[in-house]
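To start, the structure under review is shown below, and the notes come after it.
Numbers here simply count residues along the sequence, with the first being 1. Owing to the predicted nature of the structure, the values given are computational and were not obtained by experimental measurement.
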Amino acid sequence: MDMRRLVGRNVLRIRKSKEMTQEKLAETSGFSQQYISGLEKGQRNPTVVTIYELSVALDVDYLELLKPDAQTKRAKE
């Protein structure tokens, strides 16, 4: 399992469910919009602190960013 892709997909899914733009998430989290974009594409390797700060900005438990999604579950089957 590629954790970079998993975290990126979860950030994207949660951000969209909250009708938040990358720019708004960047503003709220303190990360750049370019970083958020790269993260959502699975191109960034977020630290534990980054995951925590994003979870605070998204108003979710940090574990939500680490949970396997439907795509990951299908790949395991």
Side-chain angles (χ1 to χ4, degrees):
M1 170 184 344
D2 185 344
M3 289 301 292
R4 290 173 297 210
R5 288 185 182 175
L6 175 64
V7 171
R9 284 194 308 260
N10 284 334
V11 168
L12 175 65
R13 176 181 50 78
I14 294 166
R15 177 179 65 76
K16 286 190 171 189
S17 76
K18 294 180 176 282
E19 298 181 0
M20 184 182 280
T21 64
Q22 286 182 347
E23 291 81 7
K24 182 65 177 173
L25 179 55
E27 180 183 312
T28 306
S29 69
F31 296 102
S32 70
Q33 183 273 326
Q34 291 83 7
Y35 182 85
I36 301 295
S37 175
L39 182 76
E40 290 181 351
K41 293 175 184 174
Q43 298 170 340
R44 301 287 181 160
N45 192 17
T47 66
V48 172
V49 173
T50 299
I51 290 170
Y52 174 77
E53 290 175 357
L54 288 168
S55 72
V56 169
L58 290 166
D59 193 31
V60 297
D61 188 90
Y62 72 95
L63 293 174
E64 291 299 314
L65 301 181
L66 303 173
K67 283 185 178 177
D69 58 4
Q71 187 174 349
T72 304
K73 289 177 184 176
R74 282 193 304 268
K76 283 186 172 182
E77 294 175 351

Test V60 against K18 for side-chain contact (heavy atoms from CB on, under 4.5 Å), laying out the working first.
-> CA-CA 11 Å; V60 297; K18 294 180 176 282; 3.9 Å; yes
Roughly how far, to the nearest 0.5 Å, is the [atom2] atom of [Y] from the [atom1] atom of [X]?
X: Q22; Y: L12; atom1: CD; atom2: CG; answer: 8.0 Å
X: K24; Y: E19; atom1: NZ; atom2: CD; answer: 13.5 Å
X: N10; Y: I51; atom1: CG; atom2: CD1; answer: 10.0 Å
X: R15; Y: M20; atom1: CZ; atom2: CE; answer: 9.0 Å
X: E53; Y: T47; atom1: CD; atom2: OG1; answer: 7.0 Å
X: K67; Y: L6; atom1: NZ; atom2: CG; answer: 11.5 Å

Notebook entry, point to check: Of the non-hydrogen atoms in Q33 and A26, which two are nearest, and what is the gap between them?
Noted result: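 Nearest heavy atoms, Q33 then A26: N-CB, 3.6 Å.
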If you take all heavy atoms of D2 and R4, which pair is closest and at what distance?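 The answer is OD1-N, 3.0 Å.
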Strictly distance-based, threshold 3.5 Å: is any side-chain N or O of S17 a donor or acceptor partner for the main-chain N or O of I14?
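Present.
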Do S55 side-chain atoms and Y52 backbone N/O form a donor-acceptor pair below 3.5 Å?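 Yes, because the side chain of S55 sits within donor-acceptor range (under 3.5 Å) of the backbone of Y52.
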Can you get from [X] to [Y] by hopping between Ile, Leu, Val, Met, Phe, Trp and Tyr side chains that sit under 4.5 Å apart?
X: V56; Y: I36; value: no
X: Y62; Y: V48; value: no
X: L39; Y: L63; value: yes
X: Y35; Y: M3; value: yes

Requested in this report: Would you please test L25 and V11 for side-chain contact (heavy atoms from CB on, under 4.5 Å) and show each step?
Outcome: CA-CA 10 Å; L25 179 55; V11 168; 3.9 Å; yes
Tell me if the NZ atom of K16 is crowded by more than 12 foreign heavy atoms within 6.0 Å.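 No - once you tally the heavy atoms of other residues, nucleotides and ligands closer than 6.0 Å, there are 12 at most.
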